[in-house]
Each structure stands twice: as C-alpha cells, then as structure tokens.
Amino acid sequence: MAKIQMTTPLVEMDGDEMTRILWQLIKDELLLPYIDLKTEYYDLGLEHRNETDDQVTIDSANATLKYGVAVKCATITPNAARMEEYHLKKMWKSPNGTIRSILDGTVFRAPILVKGIRPCVRNWEKPITLARHAYGDVYKNTEIRVEGPGKAELVFTAADGTETRELIHDFTGAGVLQGMHNTDKSITSFARACFNYAVDTKQDLWFATKDTISKKYDHTFKDIFQEIYENEYQEKFYTLIDDAVARVMKAKGGFIWACKNYDGDVMSDMVSSAFGSLAMMTSVLVSPAGVYEYEAAHGTVQRHYYKHLKGEETSTNSVATIFAWTGALRKRGELDKLPELCAFADKLEKATLDTIESGRMTKDLALITELTDVTVLNSQDFIKAIRKTMEK
Ligand code: NAP
Ligand code: MG
C-alpha cells in the first residue's frame with residue numbers, strides 16, 4: 001500500500017525517559033509504516049538541551065511559529081537531583097514554560113473516554129475539558145525570602161517616571177514575599193481562545209476566579225472575559241472558583257472549564273485522575289496566532305524508565321502520546337487539505353480505543369477497568385496490539 005504523503009513538516013520535539021522510548025515505538029510501529037512522515041526534528045532530551053544551552057527548546061518553539069503545528073514528547077524539568085544525574089551546566093527551565101512563553105496561548109486538556117473505564121465521579125458522563133491560561137501568574141513570579149523585620153512595598157514605575165506604591169506588609173519578623181503579573185493582551189487572547197474553542201466544539205464555557213478576594217488582579221480576568229463575551233459571543237458562565245469546584249463535582253460534564261494558570265495546572269490533574277488515568281488525557285496548546293502544539297498531559301514516567309533500564313518489563317500507557325501524534329497529524333491534514341492524513345488520525349485513535357475496549361490494555365487501566373476478561377500488556381505489546389487492530 002502506498003504511504004500517505006505530507007506536504008508541510010510537523011515540528012517534532014523529542015523528550016526524555018520512558019516517554020522517549022514510547023515515542024520511538026509509536027513512530028516505528030504506528031506511523032512510519034503508513035505515512036511518509038515529514039518532520040523537522042528537535043531533540044529536547046535533557047542531554048541535548050544541556051549541550052545546546054537550551055537553545056534547542058527556543059529553536060523548536062520558533063519552528064512551531066513558522067510551521068504552525070508541533071508534537072511534543074514529555075520532558076524532564078530539572079531539579080537538584082537531575083543536576084547531578086545529568087551533570088547539568090545549569091538548572092534549565094521547564095521546556096513547557098519556555099515554549100508557552102514564546103507561543104503564548106491556552107492549553108486545552110480533555111480526557112479520553114473508553115468503554116469499561118468509568119470516571120470515579122459517577123455523574124460525569126461526558127468529558128470535562130480544561131482550558132488553562134498558559135502565561136504568567138505564579139509561573140513567572142519573583143520571590144523574596146524575608147529574613148527579618150522590614151517593609152515590603154509594591155512599586156510600579158510608569159514609562160514617564162511616575163511611581164505608584166502600595167504597602168504589601170510591615171514585617172516584624174521573617175517571612176516570604178511574592179510578585180506576579182499578567183497582561184491584558186494575554187488575558188484577552190486566553191478569553192478569545194476559550195470562547196472560540198467553546199463555539200467550535202459546541203460546548204458551554206465555565207470560567208471562575210477569586211475576584212471577591214483579588215479585587216484588581218482576578219477581577220481584571222473577570223472583566224476581560226465579560227467584555228469579550230458581551231461584545232463578541234453569546235453563551236457563557238461565570239462564577240467564583242470555589243463555586244465552580246463544587247458545581248463541577250455535581251455536573252454531567254460536556255463543558256469547557258477555563259482556569260487561570262495555577263488552577264488549570266492542578267485541576268487538570270484532578271480531572272484526569274478522576275476520569276481514570278493521567279495517561280488518558282490529551283493536551284493541546286492553541287496560540288492566538290493559530291499555532292498548535294500537541295502533547296501528552298503526563299510526565300516522563302521516571303519510575304517505569306528506571307525499571308526499563310534495569311531490564312525489567314514495563315507496562316506504560318502510550319495512549320496520550322499516540323493522541324498527541326494523531327492530534328498533530330489531523331491538524332496538519334486540515335491545514336494542508338490532506339483528507340487521507342485526517343482519516344489516518346481517526347483510524348489510529350479508533351484502533352487504540354478498540355484495543356482497550358477488547359480487553360487488551362496496560363496495567364494502569366487494567367487496575368480500574370470494569371471489563372472482566374482483561375489481558376495486561378507490556379509497553380511494546382500494547383503498541384503492537386494497536387497495530388494489529390488497525391490492520392484488521
Ligand atoms: P509522571 O511522569 O506523570 O508520572 C507519575 C506517575 O503517574 C507514574 O509514576 C505512574 O504511576 C503514573 N503515570 C504517568 N504516566 C503514565 C503512563 N503513561 N502510563 C502509566 N502510568 C503513568 O510524573 P513524575 O514522575 O512526577 O515526573 C517525571 C518527570 O516528568 C519529571 O522530571 C517532570 O519534570 C516531568 N514532567 C514533564 C511533563 C511534560 O513534559 N509535560 C509534565 C509533568 C512532569 P506508577 O509509578 O504508580 O505506575
Ligand atoms: Mg500539574
């Protein structure tokens with residue numbers, strides 16, 4: 001059979017540990033036999049980031065701006081232990097943080113539902129998509145450890161030199177201090193991305209902040225959402241973050257929950273675990289310029305990788321990484337008008353879900369499925385089983 005042709009390369013961002021192993025397996029078994037895969041390859045594995053002083057991360061984000069679609073493997077965000085393990089020159093920043101600050105935009109995370117795995121919140125019948133603002137707040141903060149008494153002030157010096165000062169706290173002893181920011185431009189593009197996505201996928205949009213407490217910071221988010229809604233859109237829902245959390249637990253699902261950066265980070269982990277597994281969650285960054293970056297929502301699965309290095313068998317779930325590829329290929333197909341490429345993405349996703357629904361799955365899913373006749377497969381065999389399903 002002739003391979004499916006591509007016209008524009010995908011930006012391929014390789015990563016670390018167990019997900020790097022899965023990455024290669026997915027390409028070898030599920031993509032290269034069927035597609036004349038065109039990618040511009042960037043190795044975001046920690047060793048190569050260290051060798052290039054992290055320039056490769058910046059280059060990959062710029063390539064994404066150029067081509068429009070990227071697919072990213074999970075990567076290590078270095079900490080003290082990684083400094084030693086990889087003999088790093090510096091504690092390089094989170095690649096996701098670097099990429100997001102270049103692309104701006106909003107991260108949409110949606111659980112992948114399969115028959116036989118029911119969310120532990122029983123009333124959730126449809127997916128809840130989390131829209132996470134991917135710029136600013138605590139992720140771009142400045143912190144001071146205060147060692148003793150003193151006055152902390154917030155100072156803004158306008159371009160014309162005018163100073164605005166606000167007292168933060170008169171410290172009588174040691175403590176901590178944090179400064180953060182966001183911009184109207186980024187909040188506006190976040191709001192637009194959410195409204196567009198809601199209209200596109202015909203779902204309701206929920207948005208919640210803590211504007212009763214944060215009367216300027218969080219209130220600005222609320223005001224911008226309100227203004228864009230009133231001027232440009234119809235359906236929307238605004239409430240307090242506390243109320244949203246309570247309502248989400250009672251809801252049926254089938255809506256988009258727009259969250260500030262930090263809320264989106266933690267709530268997406270809660271939603272994905274409640275739907276079954278971190279490995280059953282897709283994630284896409286949509287930038288205001290119309291650029292898309294697809295990834296799995298989970299990390300590099302370090303614990304499994306160490307087992308793999310010891311020669312032990314692993315049963316790591318590759319579904320989210322497969323869906324990152326299919327999401328990117330489908331988007332490339334839509335942009336380049338290649339219906340065969342879109343059809344291939346649909347077919348691979350269906351084969352993945354059919355394989356699980358037929359009882360063949362990785363251990364994380366086997367532990368929570370309601371199916372009774374289950375075969376637990378190792379990392380490689382699960383991917384091979386999907387290939388068999390696809391070729392049926
Ligand atoms: P993780 O890689 O998401 O794994 C945490 C645990 O969740 C695993 O130990 C495993 O549980 C389970 N799990 C996650 N993905 C799985 C999969 N595909 N199949 C089966 N089980 C899965 O988080 P982490 O261990 O905290 O972080 C490891 C590294 O990933 C860190 O260096 C971190 O910086 C990085 N990270 C990267 C990203 C990203 O690039 N987007 C996101 C988060 C973290 P069991 O061990 O119980 O089987
Ligand atoms: Mg998180």
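Since the structure is predicted, the reported quantities are computational estimates derived from the model, not experimental observations. As the structure lists them, so they are numbered: ligands from 1, and atoms in each ligand from 1.
- For ligand 1, the atoms sitting less than 4.0 Å from at least one non-hydrogen atom of G299 are 1 (P), 2 (O), 3 (O), 30 (O), 36 (N), 37 (C), 38 (C), 42 (C), 43 (C), 44 (C), numbered in the order shown with element in parentheses.
- Distance remark: protein heavy atom present below 4.0 angstrom from atom 38 (C) of ligand 1.
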- Residue pair Y139, D265: steps toward the side-chain hydrogen bond (donor to acceptor under 3.5 Å, both in side chains) verdict: CA-CA 10 Å; Y139 300 84; D265 184 356; 2.7 Å; yes
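- Contact annotation: for E295 versus ligand 1, heavy atoms closer than 4.0 Å belong to the side chain alone.
- The proximity of T362 to ligand 1, defined as any non-hydrogen pair under 4.0 Å, does not occur for either the backbone or the side chain.
- Using a 3.5 Å distance cut-off with no hydrogens or angles, the side chains of Y135 and N182 do not pair a donor with an acceptor.
- Taking a cutoff of 4.0 Å between a charged side-chain nitrogen and a carboxylate oxygen, E349 and K347 do not qualify as a salt bridge.
- With a 4.0 Å heavy-atom cut-off, ligand 1 is reached by the side chain of K72 but not by its N, CA, C or O.
- When only non-hydrogen protein atoms are considered, atom 30 (O) of ligand 1 lies nearest to T300 N, 3.0 Å.
- In terms of protein heavy atoms, atom 18 (N) of ligand 1 is closest to N317 O, 2.8 Å.
- Within the 4.0 angstrom cut-off, atom 20 (C) of ligand 1 has one or more protein heavy-atom neighbours.
- Not a single protein heavy atom sits closer than 4.0 Å to atom 24 (P) of ligand 1.
- Side chain to side chain, T75 and K72 meet the donor-acceptor criterion of an N or O pair below 3.5 Å.
- Remark: atom 27 (O) of ligand 1 lies closer than 4.0 Å to no protein heavy atom.
- Shown in contact with A74 at under 4.0 Å from a heavy atom are these atoms of ligand 1, numbered in order with element: 40 (O).
- Assignment of M18 to the shell around ligand 1 is not supported, since no heavy atom sits closer than 4.0 Å.
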- Task: For R20 and E17, run salt bridge (charged side-chain N to carboxylate O under 4.0 Å, His left out): C-alpha distance rounded to whole Å, both residues' side-chain angles, the deciding distance at 0.1 Å, then the answer.
- Result: CA-CA 5 Å; R20 189 180 179 98; E17 299 195 312; over 6 Å; no
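- Of all protein heavy atoms, the one closest to atom 4 (O) of ligand 1 is V301 CA, 4.2 Å.
- Taking the six-membered ring wherever Trp is involved, the centroid distance between the rings of W124 and F275 falls below 6.0 Å.
- Of the candidates L371, L377, T372, V374 forms a side-chain contact (heavy atoms from CB on, under 4.5 Å) with just one, namely L371.
- Residue-ligand proximity, I76 to ligand 1, at heavy-atom distances under 4.0 Å covers atoms 32 (O), 34 (O).
- Less than 4.0 angstrom separates some heavy atom of N96 from each of these atoms of ligand 1: 39 (C), 40 (O), 41 (N).
- Looking at R332 and E12, no side-chain N of the basic residue comes within less than 4.0 Å of a carboxylate O on the acidic one, giving no salt bridge.
- Protein heavy atoms come within 4.0 Å of atom 43 (C) of ligand 1.
- Proximity of the aromatic rings of Y197 and F108 is defined here by a centroid distance below 6.0 angstrom, and this criterion is met.
- The side chain of R303, and not its backbone, has at least one atom closer than 4.0 Å to an atom of ligand 1 (non-hydrogen atoms only; side chain from C-beta on).
- When each atom of ligand 1 is checked for a heavy atom of T316 under 4.0 Å away, the hits are 17 (C), 18 (N), 19 (N).
- Two residues are said to be in side-chain contact when any heavy atoms from C-beta on lie closer than 4.5 Å; K384 and E29 meet this criterion.
- Closest to atom 14 (C) of ligand 1 by heavy atom, among H298, M280, M281, is H298.
- Ion pairing of D336 with K331 is absent here, as no side-chain N (NZ or NE/NH1/NH2) approaches a carboxylate O to less than 4.0 Å.
- Residue, atom and distance of the protein heavy atom nearest to atom 17 (C) of ligand 1 are A279 CB, 3.5 Å.
- In this structure, K222 pairs ionically with D211, as a charged nitrogen and a carboxylate oxygen lie closer than 4.0 Å.
- The ring of F190 has its center closer than 6.0 angstrom to the ring center of F225.
- Less than 4.0 angstrom separates some heavy atom of T77 from each of these atoms of ligand 1: 32 (O), 34 (O).
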